[in-house]
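To start, the structure itself, in structure tokens.
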Amino acid sequence: MNRLTPLEIQRATFPRRLQGFDPDIVREFLSQLAEQVEDDARLRGELRAQVARLTREVEEFKERADALNQALSAAERTAQATVAHAEAEAQRIVSDAQTLADRILEEATRRAENIEVVTGQLRSRRRAARADLKRLAELLAGAARDDETTEQREGEVPSIAVLRPRLSAQER
């Protein structure tokens with residue numbers, strides 16, 4: 001059966017019979033029915049348009065959701081890569097720092113050992129210098145004693161005699 005339009009309902013005619021329905025009441029009923037069918041058709045059209053609009057919106061939201069999910073996945077991958085890179089860089093920095101610390105410690109130990117050697121050498125030189133000073137002091141003390149002894153002997157010999165001419169062996 002074909003769907004009737006509101007206009008077809010309003011223009012519908014029926015054969016007349018005796019003792020049939022009141023044509024005015026039938027016309028009024030058909031007119032109301034046509035209005036309802038027209039309202040229903042308009043409402044169906046509006047609902048179809050609304051369904052189409054909502055379907056487009058749902059598709060747009062799905063596309064946005066897909067784009068957001070892709071962006072989120074990309075962000076997670078980027079974050080993981082960044083964290084992995086940062087951890088690797090941190091490990092490299094720690095390793096470099098440990099290597100540098102080991103090298104500095106080795107250099108400091110070597111220098112400390114050199115300082116110990118130099119300090120030992122300086123102590124030996126100080127002992128040698130002290131021994132030399134003691135010998136020099138003893139020499140000077142001996143020279144001073146010798147000078148005192150010489151001075152005492154000179155005091156016993158008249159100083160004028162030194163100025164007199166010496167007598168030769170025949171003259172004596």
Side-chain angles (χ1 to χ4, degrees), residues 1-140:
M1 172 177 220
N2 289 339
R3 296 186 61 84
L4 298 174
T5 66
L7 189 59
E8 290 173 332
I9 293 171
Q10 285 179 341
R11 291 187 179 163
T13 57
F14 299 97
R16 295 188 183 248
R17 298 206 172 159
L18 286 176
Q19 296 183 349
F21 294 110
D22 182 355
D24 294 332
I25 292 177
V26 170
R27 286 263 173 248
E28 179 66 28
F29 176 76
L30 289 175
S31 179
Q32 287 177 359
L33 182 60
E35 285 178 24
Q36 287 178 4
V37 169
E38 187 177 348
D39 287 346
D40 289 347
R42 186 178 31 76
L43 181 60
R44 270 196 316 272
E46 290 173 2
L47 290 175
R48 281 188 183 127
Q50 188 175 9
V51 165
R53 183 181 52 78
L54 291 175
T55 301
R56 283 191 308 272
E57 286 180 14
V58 165
E59 288 302 317
E60 288 175 10
F61 287 133
K62 283 182 181 178
E63 289 173 5
R64 287 181 187 170
D66 288 344
L68 286 174
N69 284 335
Q70 290 175 356
L72 181 60
S73 293
E76 286 175 348
R77 286 190 303 273
T78 300
Q80 290 171 351
T82 301
V83 166
H85 177 72
E87 287 174 348
E89 184 67 14
Q91 185 62 34
R92 186 192 62 75
I93 289 170
V94 167
S95 177
D96 289 351
Q98 185 63 46
T99 301
L100 180 61
D102 290 345
R103 194 168 63 234
I104 289 171
L105 183 59
E106 183 179 308
E107 178 69 18
T109 302
R110 189 177 55 74
R111 285 183 179 183
E113 289 169 353
N114 287 344
I115 290 171
E116 292 271 338
V117 168
V118 169
T119 303
Q121 290 171 347
L122 290 174
R123 285 184 182 135
S124 293
R125 286 182 183 176
R126 183 176 69 188
R127 284 191 293 271
R130 188 173 48 238
D132 289 345
L133 282 173
K134 284 181 180 178
R135 279 192 300 276
L136 182 59
E138 289 171 5
L139 284 173
L140 289 174

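Please read all numbers here as calculations on a predicted model, not as lab measurements. Positions are given from 1 along the sequence.
Residues R92 and D96 are in side-chain contact: their nearest non-hydrogen atoms beyond the backbone lie under 4.5 Å apart.
The shortest heavy-atom contact between R27 and Q10 is NH1-O, 3.7 Å. What you find for L30 and I9 is that their closest heavy atoms are O-CG2, 3.4 Å.
When the shell of 6.0 Å around CD of E107 is examined, it contains more than 12 heavy atoms from other residues, nucleotides or ligands.
Applying the salt bridge (charged side-chain N to carboxylate O under 4.0 Å, His left out) test to E46 and every residue at least two apart in sequence or in another chain returns R42.
Separating the CD atom in E113 from the CD atom in E116 is a distance of 8.5 Å, to the nearest 0.5 Å. How far CG of N69 is from CD of E76: 9.5 Å, rounded to the nearest 0.5 Å. E60 CD to R56 CZ: the interatomic distance, rounded to the nearest 0.5 Å, is 8.0 Å. The distance from atom CG of L43 to atom CG of D39, rounded to the nearest 0.5 Å, is 8.5 Å. Atoms OG1 and CG, on T119 and N114 in that order, are 10.0 Å from each other to the nearest 0.5 Å.
Between the S95 side chain and the Q91 main chain, no donor and acceptor come within less than 3.5 Å of each other.
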Subject >> Steps toward side chain to side chain donor-acceptor pair (under 3.5 Å) verdict (D66, Q70) >> reply: CA-CA 6 Å; D66 288 344; Q70 290 175 356; over 6 Å; no
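Remark: the Q36 side chain and the D40 side chain contain no N/O donor-acceptor pair separated by less than 3.5 Å.
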